Every structure is written in structure tokens, then in C-alpha cells.
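Quantities reported herein were computed from a predicted structural model and do not represent experimental measurements.
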2 protein chains.
Amino acid sequence: MVVTSGHTVAGDDMDDANPVGPPPKRKPITARELARLMGVSQSAVSRAFTPGTSISPQLRQRILRAAAELDYHPNAIASMLSTRRSNIAGIVVSEMQNPFYPTLIEKLSRELQRVGLQSLMFNITRGSNIEEQLVALRKYNVDAVVVVSATVLSGASLRWATEGRAAVLVNRTIPDQTLTSVSCDNVEGARAIADHFHAIGRRQVAYVGGLPHTSTNLERQNAFITRVAELGMTLTHTLSGGEYSYEAGYRAALEIGQAKRTDAVFFANDILAIGGFDAFKDGLGLLVPEDIAVAGFDDVDMTRWPRYSLTTFRQPVDAIIERTVSLIIEQLSNEDFSPSQNPLSGELLIRHSTVGGRGLEKIGLPLPPQEQR
Amino acid sequence: MVVTSGHTVAGDDMDDANPVGPPPKRKPITARELARLMGVSQSAVSRAFTPGTSISPQLRQRILRAAAELDYHPNAIASMLSTRRSNIAGIVVSEMQNPFYPTLIEKLSRELQRVGLQSLMFNITRGSNIEEQLVALRKYNVDAVVVVSATVLSGASLRWATEGRAAVLVNRTIPDQTLTSVSCDNVEGARAIADHFHAIGRRQVAYVGGLPHTSTNLERQNAFITRVAELGMTLTHTLSGGEYSYEAGYRAALEIGQAKRTDAVFFANDILAIGGFDAFKDGLGLLVPEDIAVAGFDDVDMTRWPRYSLTTFRQPVDAIIERTVSLIIEQLSNEDFSPSQNPLSGELLIRHSTVGGRGLEKIGLPLPPQEQR
DNA sequence: CTCGTCATTGCATACGGATGCAATCGTGGC
DNA sequence: GCCACGATTGCATCCGTATGCAATGACGAG
């Protein structure tokens with residue numbers, strides 16, 4: 001048996017001609033090379049870059065300095081393979097017409113980055129094969145999964161996709177509560193809106209929902225209806241916009257406004273509410289809030305625009321993100337971790353769409369001071 | 001269990017924030033195990049999952065079936081290490097107040113996913129050490145980088161971060177043009193707005209910019225000013241909002257409106273324009289477009305809301321994304337690829353903020369048919 | 001019936017770093 | 001001056017796949 005180890009560098013010869021250049025680019029320096037150049041072991045290099053390992057401060061410094069000089073950076077892929085930790089969080093999102101979510105995702109991604117997790121986006125599109133898209137989540141071995149997709153995914157899919165890793169559902173739940181979720185307290189919010197309508201003397205109220213089968217929609221709707229009944233108000237309409245869009249809000253508002261027996265409407269989110277607001281004012285010539293009061297949910301930027309000055313229930317975005325990140329960290333470190341549901345308190349923001357000019361004072365520029373960013 | 005090693009800890013708080021904790025979870029099945037169970041070689045398993053490899057259809061089927069049964073999926077991390085291809089694109093973003101960008105990023109990420117690239121988000125925050133944040137880009141060995149961050153990053157940083165990999169700058173350029181960029185044709189857009197103002201009889205026009213030193217702002221401003229001069233119109237103001245925000249537009253509009261000698265304003269993006277619109281109407285009681293015409297840039301959703309019906313220059317988002325993705329694919333396959341600048345044509349959308357009710361007919365619902373999505 | 005060819009499949013090793021364990025070095029105690 | 005012990009450092013091996021090359025098998029030509 002011939003053991004021609006080493007020796008012939010490559011099948012160079014003539015068939016070196018490879019027209020296509022599919023594989024690599026200029027190779028970055030590796031830990032081994034750095035080590036060889038410095039006359040130390042590759043282990044030393046590895047340890048120099050790993051906090052809490054056994055290595056003398058001097059050697060570590062020497063290595064770090066040399067690394068900086070030679071532009072060496074540990075290859076994260078290789079680390080992942082040996083440590084079985086990717087330091088990557090998968091963020092599962094789907095179509096978002098609601099500007100609330102891009103904002104949330106950006107902040108979330110920033111926070112995750114701060115604790116050492118990069119965010120890998122997984123866009124789930126309604127049409128295509130969902131299970132198949134989730135396979136990627138598992139293949140990439142992400143340490144954690146944050147699901148910010150209200151729809152599309154079933155509980156079963158989610159359980160499968162997140163099996164064996166840290167996971168948090170944001171603003172959605174699954175019926176059996178086997179997964180940890182963090183959300184705005186929809187019940188609190190919807191009740192607050194109902195209470196507010198009552199407090200300003202409205203008695204004929206309506207609800208306009210968004211995507212029918214989402215937990216956000218159902219929770220807000222049920223809580224609102226319940227509270228409205230408790231307060232002895234009349235529920236004139238319960239509509240579903242079918243989606244969380246401006247047009248859906250506009251359409252629903254036309255229907256409500258034309259019936260002329262409603263004096264306050266709670267839209268399940270701000271975009272719906274803004275569409276409704278425009279329909280009442282421009283489409284039907286009603287006065288807001290005199291003829292009809294309008295409230296939304298989320299507190300997106302636009303609610304603060306003077307045209308709308310929309311009363312809304314602010315989702316505690318920062319708290320949601322903070323809790324999400326800390327729950328993930330906890331799951332990553334605790335062997336035993338049991339799923340929990342985490343509704344977080346929001347805040348009712350009363351603006352001109354429910355309380356006329358007398359009740360609040362417009363300040364020169366669009367934003368009342370306490371709401372300035 | 002870990003017995004906290006009293007690590008001397010480099011208090012050198014290079015806050016290498018790493019979520020700590022026991023790495024592993026329940027181990028998924030590997031190719032080797034699958035192979036052993038089936039009595040074939042690990043290579044066979046690998047080949048079964050790699051298109052275009054030498055393996056009989058029968059064996060491939062047998063393996064794929066068994067894999068499905070045992071819930072085996074090739075570990076992407078390990079593949080990356082072997083192939084030196086991560087199939088990941090890094091998307092570099094920074095603070096975005098402009099809703100145009102989240103939308104773009106979502107679509108971009110979806111398209112990249114369609115061609116087999118997952119998107120890893122890199123949020124660059126203005127405050128912190130930028131170079132340090134870019135290191136991650138290199139450590140993760142992303143195959144490609146898409147920069148959608150108008151600001152913050154210098155050309156030098158970008159060149160370093162993207163060195164040796166496919167890269168595309170979206171809606172920004174760097175002076176020396178050593179990197180490929182794809183953007184909306186700002187010059188075309190700004191000229192179109194100027195022409196439009198001229199066509200509707202305006203002669204006293206103003207420009208309101210956003211972030212002063214961004215290429216988008218500079219290009220739009222210069223092209224507008226030039227064209228205005230060519231057409232013999234008077235440029236009454238050239239303001240910089242300082243940022244692309246509603247408030248900045250509002251403020252600038254107050255200043256312009258109070259001077260009472262301007263009859264058309266081009267805002268460098270839609271958010272500025274909407275702020276300006278509200279300032280003119282609510283803040284100053286002017287009529288739009290009768291007293292003053294307002295135009296924006298981007299064509300975000302809100303421009304179509306009936307309240308605003310904002311004339312704007314539509315960025316060819318789909319074309320931008322398509323070109324970006326194809327340029328990336330090209331760079332990934334071509335050894336020699338030279339950077340190019342790719343301005344793409346947009347489209348002037350004339351709406352009511354420049355042409356009164358006579359000129360356009362409002363259709364029942366908010367969106368004129370040809371603009372329905 | 002024998003040999004060459006092509007199609008499959010297995011074997012061995014590389015990818016770049018992490019880490020258990022052994023080897024080495026420096027020190028203080030006796 | 002000798003030995004034990006803790007602090008460092010190096011060695012060898014593993015993480016899970018991909019892939020060049022050799023081995024095996026099937027099949028048609030001569």
C-alpha cells in the first residue's frame with residue numbers, strides 16, 4: 001500500500017484551468033498561521049480570544065496585538081462548529097403592513113446584538129411552503145428564535161421550529177401555552193380604551209378588528225366587548241377589517257359612520273384608526289372627536305402627527321424587547337426553564353381624537369412636550 | 001455543572017457580551033449517524049443532499065426518505081466551514097426614521113432568501129465604535145454585504161468591511177466609486193419635480209433637505225437647484241432639515257410659509273414633505289396646492305392617504321432590489337467583477353398636493369385605481 | 001471470456017477553532 | 001538544594017460536512 005501522504009501540492013499540472021470561480025476569495029489568516037508566525041500554539045491563539053480561559057495576560061496581549069496587526073479575526077463559523085453555539089438569533093417575521101413591527105424588529109435586533117447575538121432574519125411568506133422555510137431555522141442552528149409574526153405559523157410549526165432552543169413569541173401566543181410569549185397586555189389596553197370612552201361620555205361604541213384570527217385581535221376584541229357591556233354602553237358594530245391596513249379602517253369607518261348611531265370607535269391598531277379617522281373626516285364630513293371619537297392601538301409615530309393626534313394605547317416596546325432578550329438569555333443559561341406568558345403593561349395616551357381642543361392644549365409644534373422623543 | 005472558575009478575568013471589559021451558559025441542547029442526528037444506521041457512507045448522505053453530485057437516484061431517494069423519517073437536516077454551520085460559503089448576506093443598516101427603508105429591507109431579505117441567501121442584520125449605531133461593529137461582518141464570513149445605511153459609515157470602513165466579498169451599496173455611494181452601488185436616480189427625480197413645478201406654473205420654489213451630507217440629499221439638492229436655474233425659476237430657500245423627519249419638515253415649512261414668497265416646495269423625502277404639508281395647512285392655514293405646492297420623494301404608503309395625496313417621485317424599489325440581488329449573484333460567480341454605479345429610473349407620481357381637485361379626480365376610496373397595489 | 005470504461009460508492013482528510021489532558025515552568029516550603 | 005503544586009502552554013482530537021481519489025461493480029466491445 002502506497003502512502004503518498006503530503007508531497008504533491010495539488011493536481012496542478014494542466015487542469016488547473018478552472019474558468020468559473022465559484023468557491024473562495026482571498027483567504028483570511030487563520031489561528032494556526034498566526035500561531036506559527038508567532039511561535040506559539042494555535043490553542044494559545046484561541047485562548048487569547050476567549051475570555052475566562054487559562055492564559056497569561058502577557059501572552060494574551062502579545063497575541064491580540066499581533067492579531068490586530070495581521071488583521072486576524074477568529075472565524076465565527078468554525079467557533080460555532082466546535083462550541084455548538086452560533087450566537088445567532090433567528091427572527092421570524094412575515095408580511096408586515098403595520099409600521100409598528102419594523103420598528104420593533106430594528107430595536108430588537110439592536111438589543112440582541114448588544115448581548116452578543118446577531119439576528120438572522122427569516123421571512124415567512126404566506127404563499128409558499130412554510131414548513132420548508134422553517135427548516136432553515138434548524139439547519140442554521142440558531143441559539144434562539146424570536147417570532148414576531150402574528151400570523152401564518154401554526155402552534156405546531158412553531159413548536160417544531162423552536163424545539164430544543166430558546167424561543168420567545170412576541171405579541172402572539174399559541175393556545176396551549178407551551179412556548180414563552182411576551183406581549184403587550186391587550187386586555188388592559190382594550191379595557192382602558194373602553195373606560196376612556198365611557199369617561200368622556202360616549203355610550204354608542206364600535207370595534208374594528210384587524211386580522212381575524214390573531215391573538216392580538218381576539219384579545220383586544222373580547223376585552224373591549226366585555227368591558228363595554230360591564231359599563232352599560234351599547235356596542236353598535238363589531239367589524240373585522242380583515243387586515244391591519246389603512247384601507248380596511250377606511251372602509252369600516254364608512255360603514256359605521258353612515259349608520260349614524262356610533263359616537264366612539266376603537267380600532268384594533270393605529271393604521272386602521274388613521275384610515276378610519278380620514279374616512280370620518282374627509283369621507284363623511286364628520287367632526288372628530290365631536291361627532292365621533294377615534295382610538296387606536298400601538299402608538300406608532302404617525303399618531304402624534306397633529307392632523308391625527310390619535311388617542312391610542314401605547315405598547316411598551318422597550319419593555320417588550322427587554323423582557324424578550326432577558327427571557328432568551330435565561331433560557332440559554334438555565335437547563336430547566338418553563339414557558340411563561342408575559343403580558344406587559346402599556347399606557348393610554350389621550351390625544352385630540354377623543355378629547356377636543358378644550359381638553360388638551362395644542363402646543364406650537366406637533367408634539368406635546370412630554371411626548372417628545 | 002460549571003463551578004465558576006475564578007477566572008482572573010480580564011477586567012479589560014471588552015464587554016464581549018456573550019450569553020453564557022451550557023452550550024448544548026439535545027443533539028440532532030448527524031450525517032454519520034444516519035449513514036451508519038442505513039449502512040452507507042457519510043459521503044453518500046452528503047451527496048444525497050447536494051445537487052449535481054455523483055450519486056445514483058435510487059440511493060439518493062433512499063437516503064432522503066430515511067432522512068425525512070429521522071428528521072435529519074444537514075448542519076449548515078458545518079457546510080459553511082467546509083465549503084467556505086455561508087449562504088448568508090449581511091445587511092448593514094443604521095437608524096431609520098424613514099419608513100421607506102424597513103419596507104425595502106424586508107423585501108430585500110425576502111428576495112435574497114429566494115436565491116438562497118439568509119440575511120444577517122447588522123445594526124450600526126451612531127454612538128458606539130463603528131469599526132468594532134463591522135468586525136462581526138468579517139467574523140461571520142458572510143458571502144455578501146448589502147449596505148442600506150445612508151450614513152454613519154465612511155467609505156474606508158465600507159471598503160474594509162466588504163473586502164473580498166460581494167457587496168452592494170443601496171441608495172448611497174462613496175466618492176471614489178470603488179464599490180458597486182444601486183440607487184434611485186436622484187438626478188432624474190429632482191429634475192422631474194422641478195419640471196413639474198414649472199409645468200404647473202410655479203416660479204418661486206424652495207428645497208428642503210434631510211441629512212446634510214448623505215449622497216441622496218446632495219444629489220437631489222444639486223439636481224433640483226440646477227434644473228430650477230435652467231428653467232428660470234427663483235429659488236427662494238434651500239434649507240436643511242438636519243434629518244429626514246416629520247418635525248424637520250414641519251419646521252422648515254413654517255419658515256418658508258411665513259416668508260410668503262414661495263409657491264412650491266420640494267422636500268427631499270416624503271416624511272419631510274408630510275411634515276411640511278401639515279405645517280402649511282394646520283400651522284399656517286395655507287391651501288395646498290393652491291397657495292403652495294408640495295412634493296416629496298420615495299412614495300411611501302402614506303403619500304397615498306387622501307389627506308395628503310402627495311405628489312412624489314417613486315423610487316423603483318422592486319427594480320432596486322432585483323438589481324441588487326443580481327449584482328450580488330454576479331459577484332459571487334465572477335472572479336473578475338468591476339464595481340459599477342447603477343442609478344435606476346423612478347417615476348413621477350402627480351397627486352393633489354401639487355395639482356388641485358380639478359386636475360385629478362378623487363375616486364371613492366383613497367387610491368386612484370392605477371395605483372392600487 | 002477478458003479488458004476497458006463509466007457510474008457509484010467508500011475512504012481519508014480538510015475546513016478553523018475549542019478544549020481535555022499532559023508537559024513544562026516557576027516558586028515557595030522544608 | 002530538592003520536591004510539590006499551581007499557573008501556563010502545547011498536543012491531539014473533535015465538531016459535522018464536503019470532496020479528491022481510489023475501489024468496486026456493471027456492461028459492452030473485441
**Message:** Side chain of Arg32(B) only, heavy atoms from C-beta on: which candidate in dG16(C), dG10(C), dT17(D) is closest?
**Reply:** dT17(D)
**Prompt:** What is the distance, rounded to the nearest whole Å, between atom CG of Asn87(B) and atom P of dC15(C)?
**Reply:** 20 Å
**Asked** What is the distance, rounded to the nearest whole Å, between atom NZ of Lys139(A) and atom P of dT17(D)?
**Response** 11 Å
**Message:** Nearest whole Å is fine: how far is dG16(D) P from Arg36(B) CZ?
**Reply:** 13 Å
**Asked** Does the side chain of Ser54(A) get closer than 4.0 angstrom to OP1 or OP2 of dA7(D) through an N or O atom?
**Response** no
**Prompt:** Whole-Å distance between dT9(D) P and Arg60(A) CZ?
**Reply:** 10 Å
**Asked** Between Ile77(A) and Leu81(B), what is the shortest heavy-atom contact and its length?
**Response** CG2-N, 3.8 Å
**Request:** Taking only the side-chain nitrogens and oxygens of Ser46(B), find out if one of them lies under 4.0 Å from OP1 or OP2 of dA18(D).
**Result:** yes
**Request:** Respond yes when some side-chain nitrogen or oxygen of Tyr140(A) is under 4.0 Å from OP1 or OP2 of dG16(D), and no when none is.
**Result:** no
**Asked** Under 4.0 angstrom, heavy atoms only, what part of the nucleic acid is Ile77(B) near: base, sugar-phosphate, or nothing?
**Response** nothing
**Message:** Between dT19(C) and Ser43(A), counting only base atoms on the nucleotide and side-chain atoms on the residue, is there a donor-acceptor pair under 3.5 Å?
**Reply:** yes
**Asked** Looking only at N and O atoms, is any donor in the side chain of Arg47(B) or the base of dG20(D) less than 3.5 Å from an acceptor on the other one?
**Response** yes
**Request:** State plainly whether the residues Arg114(B) and Glu111(B) are in salt-bridge range, i.e. N to O under 4.0 Å.
**Result:** yes
**Request:** Mark yes or no for whether Ser86(A), through its side chain, and Asn141(A), through its backbone, hold a donor-acceptor pair below 3.5 Å.
**Result:** yes
**Considering all heavy atoms, the nearest Ile329(A)-Ser333(A) contact** = O-OG, 2.8 Å
**Proximal nucleotide (of dT9(D), dG16(C), dT19(C)) relative to the Asn75(A) side chain** = dG16(C)
**Prompt:** Charged N to carboxylate O below 4.0 Å: is that the case for Arg110(A) and Glu106(A)?
**Reply:** yes
**Request:** Report yes if a side-chain nitrogen or oxygen of Arg84(B) is closer than 4.0 Å to either non-bridging phosphate oxygen (OP1 or OP2) of dA14(C); otherwise report no.
**Result:** no
**Request:** Measure from CZ on Phe49(B) to P on dT17(D) and round the result to the nearest Å.
**Result:** 9 Å
**Prompt:** Contact class for Val45(A) (heavy atom, under 4.0 Å): base, sugar-phosphate, or nothing?
**Reply:** nothing
**Fill in**
Heavy-atom nearest nucleotide on DNA chain D taken for Thr30(B) and for Ala44(A); more 5' hit belongs to Ala44(A)
**Asked** How many Å lie between CD on Glu33(B) and P on dT17(D), as a whole number?
**Response** 9 Å
**Request:** Would you mind telling me which residue lines up with the more 5' stretch of DNA chain C, Ser56(B) or Ser82(B), judged by nearest nucleotide?
**Result:** Ser56(B)
**Request:** Quickly work out the Ile63(B) CD1 to dT8(C) C1' distance and round it to whole Å.
**Result:** 11 Å
**Prompt:** Between Gln42(B) and Leu81(B), which has a closest nucleotide on DNA chain C that is more 5'?
**Reply:** Gln42(B)
**Asked** Rounded to whole angstroms, how far apart are CG on Leu59(A) and P on dG26(C)?
**Response** 14 Å
**Asked** Can you name the nearest heavy-atom pair linking Ile29(B) to Asp71(B), along with the distance?
**Response** CG2-O, 4.1 Å
